[in-house]
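The structure appears right after this line, and notes come after that.
Just the heavy atoms: all of them, side chains too, but no hydrogens, waters or symmetry mates, feed the values below. Source: prediction; values computed, not measured.
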Amino acid sequence: MAPVRRRGITATALLSLLLTVTACGPVAQRQPTDLRVGYDSLDGDLTVWPPRGTLAGDAAVRSAVTGAVRDWRSPADDRVHLPTSGILWSGEVGGAPLALVAADVPGQSASWLLQVTAEGGRYAVTRAVEYTDPGYLVYSDVLPVHTADGRRYLTSDRVQRLLGPDGRALRHTEGLTEPVNVPACRAVPVTATLKATRALPRGRAADRLLDLGTGTADPRYPLVRDESGSGKRALTGLDTCVLAGEEGPFGSIPRRIGDREAPRSVPASWPMTKLTVRTLGEVALGGGEPAELEQLTWETADGMMSAVVYRPADGGAPVLSPADRSDPLQTYRLPVPGQPLAVLSWRPTADSSLSTPPDTLRLVDRPGLVVVPMPTRSATFSLAEAEKTHYRSVGDR
């Protein structure tokens, strides 16, 4: 039986979730079969993902969807493991068939939400997003669906109510919501109320998520957990399409599979949860008004990441650095127009001190933060602490 992967952040809600998969013999002994309809996951006596949608009982549709999923390949060329996957919803949207499949892709590719549609009588996977958390997709309660008429959400049977970005309850048909007005490049909140179940004896009044916008390109999963609400504050006024770009915080560190980069896969820097922001200080350039400098941090499948945000005093567009993996000495390339900067940040202690190359102009110099003009060639900075010295290089690559 294919292993099921879990993460600690979902453990509280999953302690009593029982996963039953039929025919768990060796994969080599399996015969090709159609996908199950629904999913065999239970929370006490509640079926979390029952068969839903007007076409859920149509055997011909089930077979056609199975064929489309069997033919699909992930960006890493992995295929779906059909016995541990399932059709979560199958019906018509806008007069056309739509099936939503929770696809288990063993190996590096983990869990995917596949949208299968029919064109000219032939079914095919037309959208595919990889679940950000390297746990199993069906352990979530709200799944994003992008259709021609806008964002929709598919909810598990544990969801009692789902509030859209405007704070209003969304109507749904067998778990699939009405279209929601989600902008392309701005993060908006979505909040679920969860029923009382064995895993959640008191339910959950506010299971908070952030939708990063409909401009998020596949296979990047657009929902980020935001349990404390700090992510909503952190992304206020930021363009999520810029955040997701190749030089933006969320898209700048490519994923590696083996010893190679996988540019078509979800970036290693893609956010999963725990988005927060803190003010680092102010920086004034060329005698102008001081601009605010902030540090974003977030958790990814590869660990904690961070970046800096430069917010001009005149209210202009914020400038974002690429991501940096968690390190005692953080270094950021900040492409401020007309004066690119290097920002160095650390947690100051009585024993820590930062050394810079000779003749380096420190535009900001305070404990825990140094800002210098971006070196024209690679330059090495060092942070001396009581027991170890940390070295980082920045400059033109």
Side-chain angles (χ1 to χ4, degrees), residues 165 183-189 210 212-213 215 224 226 228-253 269 271 274-298 304-324 326-327 329-348 352 354 356-357 359-376 379 381 383 392 394-397:
C185 300
R186 182 166 59 87
V188 293
L210 280 179
L212 297 181
V224 176
D226 190 27
S228 67
S230 62
K232 179 182 176 181
R233 296 190 295 273
L235 299 187
T236 297
L238 298 183
D239 186 319
T240 56
C241 294
V242 175
L243 283 165
E246 290 186 0
E247 291 297 320
F250 297 164
S252 54
I253 300 182
S269 47
K274 297 183 180 177
L275 261 165
T276 61
V277 65
R278 72 183 182 100
T279 298
L280 292 177
E282 294 182 336
V283 55
L285 302 177
E289 291 294 319
E292 189 173 275
L293 202 60
E294 298 175 337
Q295 183 184 52
L296 282 177
T297 61
W298 64 97
M304 295 301 297
M305 304 275 180
S306 63
V308 290
V309 181
Y310 174 91
R311 294 184 183 266
D314 61 5
V319 180
L320 308 170
S321 78
D324 190 34
S326 182
D327 192 271
L329 176 59
Q330 303 285 173
T331 59
Y332 308 102
R333 297 169 47 250
L334 191 61
V336 176
Q339 188 170 358
L341 303 176
V343 178
L344 301 103
S345 174
W346 68 97
R347 296 286 183 179
S352 63
L354 183 77
T356 61
D359 302 323
T360 298
L361 174 63
R362 300 193 181 196
L363 302 172
V364 176
D365 185 4
R366 63 172 65 103
L369 177 67
V370 166
V371 179
V372 303
M374 177 60 65
T376 56
F381 298 78
L383 175 67
R392 298 292 304 275
V394 293
D396 285 351
R397 293 178 291 181

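Annotation: the span from Arg333 atom CZ to Asp324 atom CG amounts to 11.0 Å, rounded to 0.5 Å. With values rounded to the nearest 0.5 angstrom, Leu369 atom CG is found 10.5 Å from Arg362 atom CZ. The NZ atom of Lys274 sits 14.5 Å away from atom CE of Met305, with the distance rounded to the nearest 0.5 Å. Taken to the nearest 0.5 Å, the CZ atom of Arg366 stands 8.0 Å off from the CD atom of Glu282. Note that CG of Asp327 and CG of Leu383 are 9.0 Å apart. Values are rounded to the nearest 0.5 Å. Atom CZ of Phe250 is separated from atom CG of Leu243 by 4.5 Å, given to the nearest 0.5 angstrom.
By the 4.5 Å heavy-atom criterion applied to side chains, Asp239 and Leu320 are not counted as neighbours. Counting heavy atoms from C-beta outward, Leu354 and Leu329 have side chains that approach closer than 4.5 Å. Between Phe381 and Val370 there is no side-chain heavy-atom pair separated by less than 4.5 Å. In this structure, the side chains of Leu238 and Leu296 come closer than 4.5 Å at one or more pairs of heavy atoms. Contact check for Leu344 versus Arg392: no side-chain heavy atoms found under the 4.5 Å cut-off. Side-chain contact check for Pro271 versus Leu212: some heavy-atom pair is nearer than 4.5 Å. Side-chain contact check for Ser345 versus Leu280: some heavy-atom pair is nearer than 4.5 Å. Side-chain contact between Pro373 and Leu363 is present, with heavy atoms from C-beta onward closer than 4.5 Å.
Applying side-chain contact (heavy atoms from CB on, under 4.5 Å) to Leu293 and the options Val309, Val343, Val319, Leu341 leaves one that passes, Val343.
Ser230 places a side-chain N or O within donor-acceptor distance of the main-chain N or O of Leu275, the cut-off being under 3.5 Å. The main-chain N or O of Lys232 is found under 3.5 Å from a side-chain atom of Asp226 such that the two form a donor-acceptor pair. Thr240 places a side-chain N or O within donor-acceptor distance of the main-chain N or O of Cys185, the cut-off being under 3.5 Å. With hydrogens and angles disregarded, no donor-acceptor distance shorter than 3.5 Å links the side chain of Trp298 to the backbone of Ala307. The backbone N or O of Val308 sits less than 3.5 Å from a side-chain atom of Ser321, completing a donor-acceptor pair.
Counting all heavy atoms, side chain and backbone alike, Gln295 lies closest to Ser306 at NE2-OG, 4.2 Å. Contact between Ser269 and Ser252 at its shortest, heavy atoms only, is OG-N, 3.3 Å. Scanning both residues, Ala313 and Pro290, for their nearest heavy atoms gives CB-O, 3.4 Å. Taking both residues in full, the closest heavy atoms of Val394 and Pro375 are given as O-CG, 4.1 Å, listed atom of the first, atom of the second, then distance. Nearest approach of Pro318 to Pro312, heavy atoms of both residues: CA-CD, 4.0 Å. The nearest pair of heavy atoms linking Ala184 to Cys241 is O-SG, 3.7 Å.
Considering only residues two or more places apart in sequence or on other chains, Tyr332 meets the ring pair (Phe, Tyr, Trp, His ring centres under 6.0 Å) condition with none of them.
For residues 307-317, every residue pair satisfying the side chain to side chain donor-acceptor pair (under 3.5 Å) rule, not counting sequence neighbours, is listed here: Glu294-Arg311.
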